[in-house]
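Here's the structure we're looking at; comments come further down.
Small disclaimer: the values here were computed from a predicted structure and weren't measured. Every heavy atom of this structure was used, including side-chain atoms; hydrogens, water molecules and symmetry mates were not.
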2 protein chains.
Amino acid sequence: MSETRARLTRDRVLTAAVARADAGGLESVSMRRLGEELGVEAMSLYTHVANKDDLLDGMVDAVFAEIELPAVGAEWRTAMRERAVSARTVLNRHPWAIRLMQSRTAPGPATLRHHDTVIGTLRQAGFTVELTAHAFSAIDAYVYGFALQEASLPFDTVEEAAEVGAGMFERMPAGAFPHLVELTVEHILQPGYDYGDEFEFGLELILDGLDRAHRAR
Amino acid sequence: MSETRARLTRDRVLTAAVARADAGGLESVSMRRLGEELGVEAMSLYTHVANKDDLLDGMVDAVFAEIELPAVGAEWRTAMRERAVSARTVLNRHPWAIRLMQSRTAPGPATLRHHDTVIGTLRQAGFTVELTAHAFSAIDAYVYGFALQEASLPFDTVEEAAEVGAGMFERMPAGAFPHLVELTVEHILQPGYDYGDEFEFGLELILDGLDRAHRAR
DNA sequence: GTTGTAAGGCTTACGGCGTAAGGTCTACTC
DNA sequence: GAGTAGACCTTACGCCGTAAGCCTTACAAC
């Protein structure tokens, strides 16, 4: 009579884990808590996941799957820009993922597919294998690094930033960090400033450089 | 009779914690283990450290303190390059630190001093406040992102890379990721290839771009 | 239908974790 | 010699990941 409760699957587990991490941070993801949310005991999760590391690997791959891939044959510069923007958007949505990316060393299928497409786009645009490696490395480093920095900002709004800044400067000897204060007060705390805008600047810097290197070939 | 054992200090605790993390990874740093290494019970550490988060904050700041700062008044491009190279070297020595940087939101004195010096160098070179912010953001994102990628490589030598690569490609459907395979086999696995060399390329790309923006002012 | 079997989920238990609460011992001040 | 502050210790609590083994269901073969 009791209707069969919805069966667990690896996908349902991963989706719940990603949602938990989004809502409460990575440290709020525990096997017991996850089980509870899925209406199941912790140990039952092990039917669908080898262990916690496997769960984390799966979460990273799920995040990668969210990043939009360029259409095959798209113009390389547009493709790289859009991919980078999408990656940043996704990593902002799941800030915990950046930290995980480092410790996970078993890339999942979505991750591999992602890299393959990006590399393919560059090769098709006529980049040499060597320049493709340079480009891939440079763009990825920048995107992940930027997301990392954004995720470590201890505030989300200008008001919060002002508060945090004030608290920080109070604890410092007066005049100890004049340049940092100048930059903060005269630029970052100005109304309308958005740290996210810095992203485009650096990205175009890199794309410009790659373009030059490609043409100079 | 029993000679007074060396007193604990915050510094001794932090140094031991950094050493532990270097040797056994971040997850090997626990209050109990750290106490043991220092010949003390876990709870005694709390005299010198507010809690584990405070310990982690201190570790990050200790790592920042290792990064070489440019001399005041140095030529900006040289200064930025050397700083970036030093940061990468240090982060390679303490790969766990990158992951920590993100979750820590209370920058310590060494960190603040570091940022202040970098910003000051750019301002003294005539960079506008705005361009300084752009430059600071772009360089840091790149350096941290690169270090992040380097730290997540699951190998340290060409031989290891070949092994890992082979294992990975075995598990994939044949021909599924042709571009990834090409790049790996024809470039990365070639004798003499060093992923670290990619660092310079991207760094010069960014410095070139900044130089152009600065001159165009 | 009965039986065999595999798989999903549950129970219990172990050793580790961070740290709250409160105790003891030492070294110094007056 | 009494008082006090601070360094270090003991105990205990509620978390954690997961090994081992049990119970229940669903279906296949006969």
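Residue N51(B) places its side chain closer to dT19(C) than to any other of dT19(C), dT18(D), dG8(C). Comparing dT19(C), dG9(C), dC9(D) by their closest approach to the side chain of H48(A) singles out dG9(C). Closest approach to the M43(A) side chain among dT12(C), dC8(D), dG9(C) is made by dT12(C) (side chain taken as heavy atoms from C-beta onward). Side-chain proximity of Y46(A) to dA20(D), dG17(D), dT19(C): nearest is dG17(D). With distances taken from any side-chain atom of T47(B) to the nucleotides dA21(C), dG17(D), dA7(D), the minimum falls on dA7(D). You'll find that the side chain of L8(A) is closest to dG9(C), out of dG17(D), dC10(C), dG9(C). Here the nucleotide nearest the side chain of M31(A), chosen from dG17(D), dT10(D), dT19(C), is dG17(D).
As a whole-Å value, the separation of R10(B) CZ from dG6(D) P is 17 Å. Rounded to an integer number of Å, the gap from CG of L55(B) to P of dT19(C) is 10 Å. Here dC17(C) presents its P atom at 19 Å from CD of E27(A), a figure rounded to the nearest Å. Distance, L45(A) CG to dG8(C) P: 13 Å, rounded to whole Å. The CD atom of E41(B) sits 15 Å away from the C1' atom of dG18(C) (whole-angstrom rounding).
Relative orientation of the H134(A) and F201(B) rings is parallel, given thresholds of 30° and 60° on the angle between their planes.
Atom CZ of R99(B) is surrounded by more than 12 heavy atoms from other residues, nucleotides or ligands within 6.0 Å.
Of the side-chain N and O atoms in S30(A), one or more sit less than 4.0 angstrom from OP1 or OP2 of dC16(D).
Counting only residues at least two apart or in different chains, salt bridge (Lys or Arg N to Asp or Glu O under 4.0 Å) contacts with residues 53-69 of chain B comprise R10(B)-D54(B), D53(B)-R104(B), D57(B)-R104(B), E66(B)-R93(B).
Taking CG of L183(A) as the reference point, atom CG of L189(A) lies at 9.5 Å (rounded to 0.5 Å).
Side-chain atoms of R32(B) and base atoms of dG18(C) include a donor and an acceptor less than 3.5 Å apart.
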